[in-house]
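Working notes, beginning with the structure itself.
Both ligands and their constituent atoms are indexed starting at 1 by order of listing.
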Amino acid sequence: MHKRIDPAYIIAIGCLSLLFSLRAAAQSATNTPTAAPSAPATTLPYRPSLDVTAMDKSVDPCVDFYQYSCGGWKKANPIPPDRTSWGRYAELYEDNLALLRGILERAAAAKNRDAVDQKIGDLYGSCVDEATVNRRGASPIQPQLQSIAAVKSMRELAPVLANLQLEDFRGELMFGAGSIQDPDNAEMQIANVDQGGLGLPDRDYYTKDDAKSQEIRQRYLQYVQNIFELLGDSPAVAKANAETVMRIEIPLAKTSQTRTERRDPYKLMHKMSPEQLSALMPNFDWKSFWKALNPPAFQTVNVMSPDFMKQLNTSLASESLENWKTYLRFHIANIHADYLSDNFSNEHFQFFQKYLRGAQEQQPRWKRCVQFVDRRLGEALGQAYVRQVFSPELKARALKMVEEIEKAMAVRINQLDWMSPATKQQALVKLHAIRNKIGYPDHWRDYSKVVITANDFAANMRNAIVFESRRELNKIGQPVDHGEWQISPPTVDAYYDPQMNDINFPAGVLQPPLYDAKMDDAPNYGDTGGTIGHELTHAFDDEGSQFDAKGNLKNWWTPDDQKKFEAGTQCVDDQYSQYIAVDDIHLNGKLTLGENVADLGGEILAYLAWQDATRDLKLEPIDGFTPDQRFFIGFAQWDCSNDRPEQLRDWAMTNPHSPGKYRINGVVVNMPEFSSAFSCKAGQPMVSTKVCKVW
Ligand SMILES: [Zn+2]
């Protein structure tokens, strides 16, 4: 429930699940972390899930509960220079990195390693070998650049593109091709193509006309020019080339679906035959594209964004072959910039992390390397991680809490006054069908085919990315593997997947200061219990409710219930649309709706489950706080955070989650249980005059 995911991942071929929402906090996938521990660690440090020193008791909890709970933390924790935001998820994320570093350094140095340690150790070792990476400069992408240079006709372009796309996990090369779960038959995988092709993180960056957006486009042009110069172009040629890239991207951006549109699964579903796709895009040689890509045979392909594909078809005719080759040259360098010499990776950092998101400095190399291993060989690294931090007892306790929250949800569904008995019955069927996946997968992904050597970082990354693209493509026509996870075990995040109808809580998110086995139930239910509730409600929100218990895109609500649900969520939309993200930029109430409703519903469920679990216990105040107060402070402290204004601006456009302050205050204003716990009075800021309640 708490997560924010790198926008780049959303169009990633590796993540072509129709939709999935992480509750994560600001920190994990987004970028890169901090200054915290600078040495490899062998254990995670203990940070309590309820920390009294993180509070600011000079503030009235009924005036600003977030500041009251997190003010001390915010003051003591400025954003580290290499980060764009900093929070409690980030602290754990950093602690994790240090632990993973220890695992990887041992694996890199060990003799007589097993196959798993060889892969993760050598990928890490080749990455931290900065001298070799720098000596190679741009040479690792010369084969790709040469293959582009050799293209002599539009016909020849398609097969070259197919091979390049295998290395492009962001879908930046014109479009993305991979597999998805069939929206109509959640047991099967089908072929899929999707919009992509852009360098900036969202289509809105190209379409908005305010001064800041215009400035961002100018800076992007400069960045693209710099990359061309690094590839050897003269400044004049590089400038002209950058303008070509921008001219190609703007119409693609304008016809791309917005993030809000992509919350509607029906807008993403356009199944057709390969012949129909060829007819939709006659200027692109799909036949030779598929032949080169070589997926398993298929009769049906889903086209998520037909308008985009039509524009791409038009652009293929209106721009010359030379211009397309220029466009591809830039994107190849952009995609690989992080694996090339420092001049490339620094340029990439300067624009995407520093200018666009506000990071002050590049992360130390070891951190970037740990993250590369986690992203590319996550279930290999995850095996060692789980052995160190996630005992069977911890797994059992987490599973028990999940079951408690599910019980509370069943009670709540039965109590809902706006839902008809028929829909309730279906909702309970769906609730009981949810798979609870806790900690790590039952079967580890087999990376034995990925060639990883000790001294060629760029080739290692390419091999790992191509392996993953192939793995996705090879699913076409195959039954769905319900044991599969979309994030690695060390990930500090959690998600619900509507097509799988499962919730996934990796070992990384079940650690202090989030889940704290040493702490009493109150803060644990407030924090992790709320996260579990958050993920569960995603099964029933504006996106998830459109999928049935099996994960098929199939309406099971009566029209009247649907209307009542929408009326309830409109209250939340209106509430959050009033909040300011930064400067004069409001939150997008529609983009953030599903997450805000989940935050509120999750906390209500957690409170119910906690009351039920502790009903027979006589709970005493601790540190001067009643059990109810500890529940809410534990809740608030999950998202103590500081964000740079640049990051807040980017998130207001791209992130379906609200900023920390509103994820806390926006929930408690709607909970009378909170007002009672802190004796707040009507008229105070934390007591809403119009209480929103959906779940
Ligand atoms: Zn969520």
Side-chain angles (χ1 to χ4, degrees), residues 1-7 9-10 15 17-30 87-89 259-260 262-265 402 405-406 409 430-431 434-438 485-487 491-506 508-510 514-515 526-547 551 565 569 572-573 575-576 587-606 635 638-639 641 651-652 654-664 666-667 670 692 694-695:
M1 84 186 192
H2 303 154
K3 307 310 175 162
R4 297 192 165 132
I5 191 162
D6 186 340
Y9 286 11
I10 293 176
C15 296
S17 170
L18 208 47
L19 1 104
F20 63 94
S21 353
L22 305 182
R23 158 171 163 165
Q27 291 82 2
S28 45
T30 305
R88 303 219 84 195
Y89 265 66
R259 276 174 205 262
T260 305
R262 290 175 72 84
R263 293 180 61 76
D264 178 351
V402 170
I405 309 280
E406 285 172 346
M409 181 134 207
K430 180 164 185 181
L431 176 65
I434 291 175
R435 284 183 177 83
N436 299 323
K437 287 153 72 178
I438 306 295
W485 288 61
Q486 295 188 11
I487 52 181
T491 305
V492 187
D493 211 337
Y495 69 93
Y496 169 77
D497 183 328
Q499 286 188 286
M500 299 281 267
N501 197 24
D502 63 12
I503 56 170
N504 299 256
F505 278 75
V509 82
L510 294 166
L514 304 175
Y515 184 73
D527 183 325
T528 298
T531 309
I532 295 165
H534 171 114
E535 298 306 342
L536 283 179
T537 69
H538 275 318
F540 307 92
D541 70 10
D542 58 322
E543 289 178 328
S545 65
Q546 303 185 64
F547 296 84
F565 176 76
T569 59
V572 178
D573 184 345
Q575 178 195 342
Y576 283 79
L587 296 189
N588 179 340
K590 294 217 167 9
L591 176 64
T592 56
L593 182 60
E595 296 304 327
N596 296 332
V597 170
D599 282 343
L600 176 58
E603 225 40 47
I604 289 172
L605 294 176
F635 160 56
W638 87 255
D639 205 8
S641 50
W651 276 341
T654 61
N655 197 326
H657 305 86
S658 302
K661 177 180 174 182
Y662 301 122
R663 296 193 73 175
I664 304 307
V667 167
N670 287 316
C692 302
V694 181
W695 297 109

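- Here D599 does not reach the Zn ion (ligand 1): none of its N/O/S atoms is less than 2.8 Å from the metal.
- Residues I604 and W695 have side chains not in contact (no heavy-atom distance under 4.5 Å, counting atoms from C-beta outward).
- Residue-level check: among N/O/S atoms of H538, NE2 sits closest to the Zn ion (ligand 1).
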Inset, instruction - Verify side chain to side chain contact (heavy atoms under 4.5 Å, CB included) between L510 and I438, making sure each step is shown before the conclusion. - result: CA-CA 9 Å; L510 294 166; I438 306 295; 3.9 Å; yes
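- V402 has its side chain within reach of I503: a pair of non-hydrogen atoms, C-beta onward, lies under 4.5 Å apart.
- Taking the Zn ion (ligand 1) as the corner point, the angle from H534 atom NE2 to E595 atom OE1 is about 90° (rounded to 10 degrees).
- With sequence neighbours left out, the side chain to side chain donor-acceptor pair (under 3.5 Å) criterion links K590 to D573.
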